[in-house]
Amino acid sequence: VFGKDINLILVLSNLSSDRKSVRVDMSASTILYTRRAVAEILKAATSVELGPKQGKHIRVKIPYSHYGKYLTTDKRIQVTALCEVMRTHGLKLLVEKTIILEDTNIIIKLPRRVVVNKAVSLEISYANPLPEPVSRCVLLVTLMNQQVKINLARLAPRERSKIYFEFTPRRVGPLQLQVDFSCDKFSHVKGFVTIAVAPA
């Protein structure tokens, strides 16, 4: 989840009946959706001895403090591990994983029934998932082809807050509401719901 430390486990298994010595070079970078690297956030190397038919786990931790300021709006991190079996004429294995961090920041609560030409109030809840305060918070609400910009108070670390948004639907049928939350430390955290507008 965005704002928290990332914990990964690399599993190495020796399927042969001989002992193996493996060197593991690990790296992680924030990337764009095109897989283009933005910034390297982790570089580590270790060696592992594996007995016959033995498996071992290597734990890797990427703290938020290492990746937070380098993350793009795509919220993607590419982790690679180059495993080289020593004394085997350069036998290598490359393991790659792309992590897409989830947002759990926006929660939109609707009343049980929404009726055309009748005012309705929605609850929009938003949060700061980071271990540090955020300021210059802005909520952009898009509904019925109109955008409303709402300036919000700063949020303490891990704080959740909410506002109430009132509108009157003018036609029957599905209506999409989109919410976009930005601040000085991150931007474009989105949430959306489809509202079923019933006849009067």
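Residue numbers run from 1 in the order of the sequence given. Just so you know, these numbers use all the heavy atoms, side chains as well, and skip hydrogens, waters and symmetry mates. Here the structure is a predicted model, which is why all the values come from computation and not from measurement.
Taking all atoms of both residues into account, the shortest heavy-atom contact from Leu155 to Ala127 is CD1-C, 4.0 Å. The minimum heavy-atom distance linking Ala81 with Val24 is given by the pair CB-CG1, 4.3 Å. For Ala200 against Val115, the heavy-atom pair with the smallest separation is CA-CG1, 3.4 Å. Scanning both residues, Ile108 and Ile106, for their nearest heavy atoms gives CG1-CG2, 4.0 Å.
Residues Phe192 and Met144 do not share a hydrophobic cluster, clusters being chains of Ile/Leu/Val/Met/Phe/Trp/Tyr side chains in contact below 4.5 Å. Under a hydrophobic clustering in which Ile, Leu, Val, Met, Phe, Trp and Tyr are joined whenever their side-chain heavy atoms come within less than 4.5 Å, directly or via other members, Tyr70 and Phe186 fall into the same cluster.
Contact check for Ile107 versus Ile124: no side-chain heavy atoms found under the 4.5 Å cut-off. Side-chain contact between Val79 and Val60: absent, with no pair of heavy atoms (C-beta onward) separated by less than 4.5 Å. Taking the side chain as every heavy atom from C-beta outward, Leu110 and Val120 never approach each other to under 4.5 Å. Pro52 places a side-chain heavy atom less than 4.5 Å from the side chain of Arg19. Taking 4.5 Å as the limit, some side-chain heavy atom of Ser182 sits within range of a side-chain heavy atom of His188.
Between the side chains of Asn14 and Ser16, at least one donor-acceptor pair of N or O atoms lies under 3.5 Å. A donor and an acceptor atom, one from each side chain of Arg160 and Ser125, are located under 3.5 Å apart.
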Contacts under 3.5 angstrom, residues 34-51 side chains, donor-acceptor by atom type, not counting sequence neighbours:
| residue | atom | partner | partner atom | Å |
| --- | --- | --- | --- | --- |
| Arg35 | NH2 | Glu96 | OE1 | 3.3 |
| Glu49 | OE2 | Ser21 | OG | 2.9 |

Let me have the donor-acceptor pairs involving side chains of residues 130-140, under 3.5 Å, with sequence neighbours excluded, atom names and distances please.
| residue | atom | partner | partner atom | Å |
| --- | --- | --- | --- | --- |
| Glu132 | OE2 | Tyr64 | OH | 3.3 |
| Ser135 | OG | Asp184 | OD2 | 3.2 |

Sequence neighbours left out, cut at 3.5 Å: what donor-acceptor pairs do the side chains of residues 162-179 make with other protein atoms?
| residue | atom | partner | partner atom | Å |
| --- | --- | --- | --- | --- |
| Tyr164 | OH | Glu123 | OE1 | 3.1 |
| Arg170 | NH1 | Asn117 | OD1 | 3.4 |

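From Leu101, atom CG reaches atom CG of Leu71 across 5.5 Å, with rounding to the nearest 0.5 Å. To the nearest 0.5 Å, the span separating CD1 on Ile31 from NZ on Lys75 amounts to 14.0 Å. Note that the OG1 atom of Thr142 and the CD atom of Gln147 stand 4.0 Å from one another [nearest 0.5 Å]. Going from atom CD of Glu84 over to atom NZ of Lys92 covers 4.5 Å, rounded to the nearest 0.5 Å. We find the CG-CD1 distance between Asn7 and Ile9 to be 8.0 Å, quoted to the nearest 0.5 Å. In this structure, NZ on Lys97 lies 13.5 Å from OG1 on Thr80, to the nearest 0.5 angstrom.
More than 12 heavy-atom neighbours from other residues, nucleotides or ligands sit within 6.0 angstrom of NZ on Lys56.
Listed by first and then second residue, the ring pair (Phe, Tyr, Trp, His ring centres under 6.0 Å) pairs involving residues 12-63 amount to none (not counting sequence neighbours). Applying the ring pair (Phe, Tyr, Trp, His ring centres under 6.0 Å) test to pairs two or more places apart or on separate chains, those with a residue in residues 124-144 are Tyr126-Phe181.
No donor-acceptor pair under 3.5 Å is formed between the side chain of Asp25 and the backbone N or O of Leu82.
By the 4.5 Å side-chain criterion applied to Ile, Leu, Val, Met, Phe, Trp and Tyr, Leu15 is assigned to no cluster and stands alone.
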